[in-house]
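Inspection log for the structure reproduced underneath, given as structure tokens.
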Amino acid sequence: MIVNILIFVLSIIPSVLIFLWLRNRHKDDPLYRKSCNSAFIRGIVSVLPILVLSGVLFLLNGVIRVFLLQNADILYKAIYTFVVLAFAEELVKFLAFRLLLKKKFCAYSWADVVALMVIIGTAFGLIEDLPYAIGADAITMLVRGFTMGHVGYGFLMGWFYGKKLYTGKKRYGVIAFLLPWLLHGLYDFSLSPELLAWNENLAIVAIVLALVDLVMLALMFRFFLHARKTERYNVPVTAAEAMPAQESASVETDGAKAG
């Protein structure tokens with residue numbers, strides 16, 4: 001039990017470091033840090049509606065299986081992983097992200113938008129990893145902890161949505177949801193026993209997708225390092241709403257204390 005707890009703590013260190021790194025991108029901007037804190041909380045809270053949405057989709061999927069897919073286990077599993085799991089999770093994170101942007105704590109740049117979505121994905125992934133501390137083996141926990149699929153999906157979602165705001169082209173907003181959803185669904189499906197029973201050689205798909213997760217992480221780090229000296233990633237793509245004087249003073253005071 002103690003070993004599992006230690007391994008779990010080790011597995012979440014990368015996610016915690018990513019959150020702290022992104023939160024401290026603008027050390028002197030208390031409103032940005034407040035946005036990051038809000039994003040982290042929303043990522044955690046977004047797990048709750050997942051339970052409801054997944055439950056509804058699970059029931060609908062069960063009806064489909066009874067009437068249409070009685071002997072098609074692999075097709076049923078595909079629908080389950082893409083719709084009940086991946087779709088529900090990515091939709092809830094996407095909605096949490098959109099609602100956060102509407103709060104308008106400050107004027108966000110393209111890079112800020114990406115950072116906020118990554119933080120939401122990071123927090124969501126941390127909560128999702130909790131059950132693995134109880135029943136999963138050490139290898140599974142470490143693989144999940146260091147590949148950080150939700151962080152990578154968050155990066156893709158934030159990058160394309162930031163591009164949508166920067167260019168004004170709605171198609172990037174569609175891609176911001178569809179691409180993470182499809183990758184997420186494919187990854188979950190690649191781990192299903194039904195797929196491996198159909199063809200055990202397809203186990204390679206899960207390995208490839210785990211490597212894709214690592215590539216997305218590398219692209220994320222490259223993006224934020226590149227964004228420091230690239231003007232288009234730092235110009236505001238959203239407007240800031242005026243804050244009441246009392247709230248503004250409170251935030252500035254909090255920022256001074258944090259500094």
Side-chain angles (χ1 to χ4, degrees), residues 18-19 21-46 49 86-125 148-184 213 215-243 247-248 251 255:
I18 285 176
F19 166 65
W21 174 53
L22 294 178
R23 183 179 181 272
N24 290 320
R25 285 178 59 246
H26 304 308
K27 291 184 178 180
D28 299 326
D29 188 346
L31 293 178
Y32 169 77
R33 296 177 71 156
K34 181 179 179 181
S35 300
C36 291
N37 293 340
S38 180
F40 192 82
I41 293 171
R42 287 166 187 268
I44 293 175
V45 174
S46 62
F87 179 80
E89 292 182 7
E90 296 305 323
L91 178 62
V92 169
K93 289 188 296 180
F94 187 65
L95 293 178
F97 172 57
R98 291 287 306 276
L99 290 173
L100 174 61
L101 294 184
K102 289 183 178 180
K103 290 288 291 185
K104 299 180 180 178
F105 290 117
C106 55
Y108 301 124
S109 67
W110 188 342
D112 293 337
V113 168
V114 178
L116 294 176
M117 185 60 234
V118 169
I119 289 173
I120 289 175
T122 300
F124 186 94
M148 294 179 286
H150 283 289
V151 174
Y153 306 143
F155 168 66
L156 288 178
M157 188 174 286
W159 192 91
F160 279 104
Y161 199 82
K163 187 165 187 175
K164 178 250 185 185
L165 294 174
Y166 181 78
T167 63
K169 297 179 179 178
K170 294 183 179 180
R171 65 174 179 268
Y172 292 115
V174 176
I175 296 173
F177 177 77
L178 288 182
L179 186 56
W181 169 41
L182 292 175
L183 284 174
H184 188 170
D213 288 343
V215 170
M216 288 191 293
L217 292 176
L219 291 175
M220 180 191 73
F221 287 116
R222 180 180 180 276
F223 168 78
F224 284 112
L225 293 175
H226 185 59
R228 293 178 179 177
K229 50 188 176 182
T230 305
E231 183 178 358
R232 66 173 177 162
Y233 293 134
N234 294 291
V235 297
V237 293
T238 66
E241 290 182 344
M243 296 178 62
E247 182 180 354
S248 178
V251 170

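Computed from heavy atoms alone, side chains included, the values below leave out hydrogens, waters and symmetry copies. Note that the structure is predicted; figures quoted are calculated from it, not measured.
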Please check this pair: side chain of [X] against backbone of [Y], looking for a donor-acceptor N/O pair closer than 3.5 Å.
{"X": "Asn234", "Y": "Ala111", "result": "no"}
{"X": "Ser109", "Y": "Tyr233", "result": "yes"}
{"X": "Ser38", "Y": "Lys34", "result": "no"}
{"X": "Thr238", "Y": "Tyr108", "result": "yes"}
{"X": "Trp110", "Y": "Trp159", "result": "yes"}

Exercise for review: Apply side-chain contact (heavy atoms from CB on, under 4.5 Å) to Ile44 and list each qualifying residue two or more places apart in sequence or on a separate chain.
Suggested key: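 Counting only residues at least two positions away or on another chain, Ile44 forms a side-chain contact (heavy atoms from CB on, under 4.5 Å) with Phe40, Ala123, Ile127.
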Check your understanding: Would a line drawn from the ring center of Phe224 to the ring center of Trp21 be shorter than 6.0 Å?
Key ->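 Yes, they do, as the ring centres are separated by less than 6.0 Å.
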Review point. Between Tyr172 and Tyr166, is the ring centre distance below 6.0 Å?
Key: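 Not under 6.0 Å, so no.
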Check your understanding: Residues in salt bridge (Lys or Arg N to Asp or Glu O under 4.0 Å) with Arg25, at least two apart?
Key -> Asp112
So how far is it from [X] [atom1] to [Y] [atom2], rounded to the nearest 0.5 Å?
{"X": "Arg42", "Y": "Ile119", "atom1": "CZ", "atom2": "CD1", "answer": "12.5 Å"}
{"X": "Phe160", "Y": "Arg171", "atom1": "CZ", "atom2": "CZ", "answer": "11.0 Å"}
{"X": "Leu219", "Y": "His226", "atom1": "CG", "atom2": "NE2", "answer": "12.5 Å"}
{"X": "Ile175", "Y": "Lys170", "atom1": "CD1", "atom2": "NZ", "answer": "15.0 Å"}
{"X": "His184", "Y": "Phe87", "atom1": "NE2", "atom2": "CZ", "answer": "13.0 Å"}
{"X": "Ile41", "Y": "Leu100", "atom1": "CD1", "atom2": "CG", "answer": "10.5 Å"}

Any non-hydrogen side-chain atom of [X] less than 4.5 Å from a side-chain atom of [Y]?
{"X": "His150", "Y": "Glu90", "result": "yes"}
{"X": "Asn24", "Y": "Tyr32", "result": "no"}
{"X": "Thr122", "Y": "Met148", "result": "no"}
{"X": "Val113", "Y": "Phe97", "result": "yes"}
{"X": "Cys36", "Y": "Leu22", "result": "no"}

**Study point:** Candidates Lys93, Met157, Glu89 - the one meeting side chain to side chain contact (heavy atoms under 4.5 Å, CB included) with Pro180
**Key:** Met157
Practice item. For the pair Trp181 and Leu91, evaluate side chain to side chain contact (heavy atoms under 4.5 Å, CB included) and give the outcome as yes or no after the intermediate values. Key: CA-CA 8 Å; Trp181 169 41; Leu91 178 62; over 6 Å; no
Practice item. Test Val114 against Tyr161 for side chain to side chain contact (heavy atoms under 4.5 Å, CB included), laying out the working first. Key: CA-CA 8 Å; Val114 178; Tyr161 199 82; over 6 Å; no
Check your understanding: At their closest point, which heavy atom of Phe155 faces which heavy atom of Met216, and how far apart are they?
Key -> CD2-O, 3.9 Å
